Amino acid sequence: MKFKYQYKIKPSDLWQFHMYYAYSSYLCIINIICIISSIALIFALWENSPGWFRGVLLLFLSLFTVIQPLSIYQRAKKQAEMYKDELEIEFDDKGIRVRQNGKMEEKNWNQLLRIIVKPTMVVIYTDVEHGYILTSRVLKDTKKDFIKLVKSKRIQRT
């Protein structure tokens, strides 16, 4: 099987990646506790609270439901500016080939650090700090077959 994709990294791709990371770490537990606590406090204290305290309660709730995702998006937007050029990535039974900025990188499947399959993306790590994000937008109708290829390779997946 052979798959070839050509795409440009968008801020929304990086935002999805960072949100998956944030909500699959200990930060998720803290966020959920704070969201539930703030909702409980709003229900318990709303009627007898002065206006400024209601504002503080709403601000506390919005920190984890609005402000944090927006700040992650701003960071993703800045990060996406570094990836202005289009990326061409090709997969087959031997491994992957990546072309960008006139440079080409080839890796065998056993040289890859790990592959993570999420509901809306596949992340391929070539080393501890570098990898490639393939979202559903990029994979389109080849997603199921591509994931079959990835799963057929003996690489650590989480």
Side-chain angles (χ1 to χ4, degrees), residues 3 5-87 89 91 96 98 100 105 107 109 111-158:
F3 298 94
Y5 304 103
Q6 216 168 343
Y7 65 99
K8 187 176 176 184
I9 300 288
K10 292 184 174 186
S12 60
D13 300 337
L14 293 169
W15 179 78
Q16 267 186 48
F17 170 75
H18 289 301
M19 289 298 286
Y20 273 128
Y21 178 76
Y23 282 91
S24 63
S25 65
Y26 290 115
L27 181 61
C28 174
I29 296 168
I30 294 168
N31 285 354
I32 291 171
I33 290 170
C34 290
I35 290 169
I36 291 171
S37 298
S38 62
I39 290 171
L41 285 171
I42 287 171
F43 277 113
L45 304 175
W46 191 262
E47 280 188 34
N48 300 324
S49 299
W52 67 269
F53 191 72
R54 289 178 180 181
V56 169
L57 291 172
L58 291 175
L59 177 64
F60 187 68
L61 176 63
S62 68
L63 279 174
F64 303 98
T65 57
V66 178
I67 296 170
Q68 183 185 38
L70 283 175
S71 70
I72 290 173
Y73 183 78
Q74 289 298 329
R75 183 176 49 170
K77 195 172 173 182
K78 287 178 186 175
Q79 191 177 8
E81 291 172 3
M82 296 186 310
Y83 304 107
K84 293 179 182 178
D85 296 324
E86 197 166 75
L87 176 76
I89 189 164
F91 301 86
I96 69 170
V98 181
Q100 188 176 28
E105 177 185 20
K107 297 268 187 179
W109 286 107
Q111 290 177 298
L112 300 177
L113 183 61
R114 75 182 192 187
I115 296 175
I116 298 174
V117 178
K118 296 287 187 182
T120 61
M121 69 174 47
V122 177
V123 183
I124 299 166
Y125 286 96
T126 55
D127 60 45
V128 177
E129 295 180 6
H130 301 96
Y132 301 99
I133 298 170
L134 293 132
T135 60
S136 296
R137 169 185 65 86
V138 174
L139 297 171
K140 297 180 183 163
D141 58 342
T142 64
K143 184 176 179 179
K144 286 182 182 178
D145 292 329
F146 177 74
I147 291 174
K148 277 184 195 174
L149 174 69
V150 167
K151 287 186 176 184
S152 73
K153 304 304 170 188
R154 302 208 187 277
I155 298 173
Q156 176 186 354
R157 290 177 290 283
T158 56

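Given the structure is predicted, the values throughout are model-derived calculations rather than measurements.
- For the pair Ile9 and Gln100, the minimum side-chain heavy-atom distance is 4.5 Å or more.
- Residues passing the side chain to side chain contact (heavy atoms under 4.5 Å, CB included) test with Leu149 are Phe3, Phe91, Asp93, Trp109, Ser152, Lys153, sequence neighbours excluded.
- In this structure Gln74 satisfies the side-chain hydrogen bond (donor to acceptor under 3.5 Å, both in side chains) test with no other residue, sequence neighbours excluded.
- Residues in residues 66-78 take part in no salt bridge (Lys or Arg N to Asp or Glu O under 4.0 Å) pair, two or more places apart or across chains.
- Looking at Ile115 and Val123, their side chains never come closer than 4.5 Å, going by heavy atoms from C-beta outward.
- To the nearest 0.5 Å, the span separating CG on Leu87 from CD on Gln6 amounts to 9.0 Å.
- Remark: Glu105 engages Lys107 in a salt bridge (Lys or Arg N to Asp or Glu O under 4.0 Å) (not counting sequence neighbours).
- Applying the side-chain hydrogen bond (donor to acceptor under 3.5 Å, both in side chains) test to Tyr5 and every residue at least two apart in sequence or in another chain returns Thr142.
- For residues 12-21, the side-chain hydrogen bond (donor to acceptor under 3.5 Å, both in side chains) pairs, not counting sequence neighbours, are Asp13-Arg137, Gln16-Thr120, His18-Gln79, Tyr20-Thr120.
- Note that the OG atom of Ser71 and the CG atom of Leu63 stand 9.5 Å from one another [nearest 0.5 Å].
- Residues forming a side-chain hydrogen bond (donor to acceptor under 3.5 Å, both in side chains) with Asp127 (at least two apart in sequence, or on another chain): His130.
- Here Phe60 pairs with Phe64 under the ring-ring contact (aromatic ring centres under 6.0 Å, His included) rule; sequence neighbours left out.
- Within the model, atoms CG of Leu61 and CD1 of Ile39 stand 5.5 Å from one another, a figure rounded to the nearest 0.5 Å.
- Every side chain to side chain contact (heavy atoms under 4.5 Å, CB included) that Ile29 has, sequence neighbours left out, goes to Tyr26, Ile33.
- Take Lys143 and apply the side-chain hydrogen bond (donor to acceptor under 3.5 Å, both in side chains) test, not counting sequence neighbours, and it matches Ser136.
- Taking CG from Asn31 and CD1 from Ile36, the interatomic distance works out to 11.0 Å, rounded to the nearest 0.5 Å.
- Sequence neighbours left out, not one pair with a member in residues 38-61 passes side-chain hydrogen bond (donor to acceptor under 3.5 Å, both in side chains).
- Annotation: ring-ring contact (aromatic ring centres under 6.0 Å, His included) contacts of Tyr132 (sequence neighbours excluded): none.
- Within the model, atoms CD1 of Ile89 and CG of Leu134 stand 5.5 Å from one another, a figure rounded to the nearest 0.5 Å.
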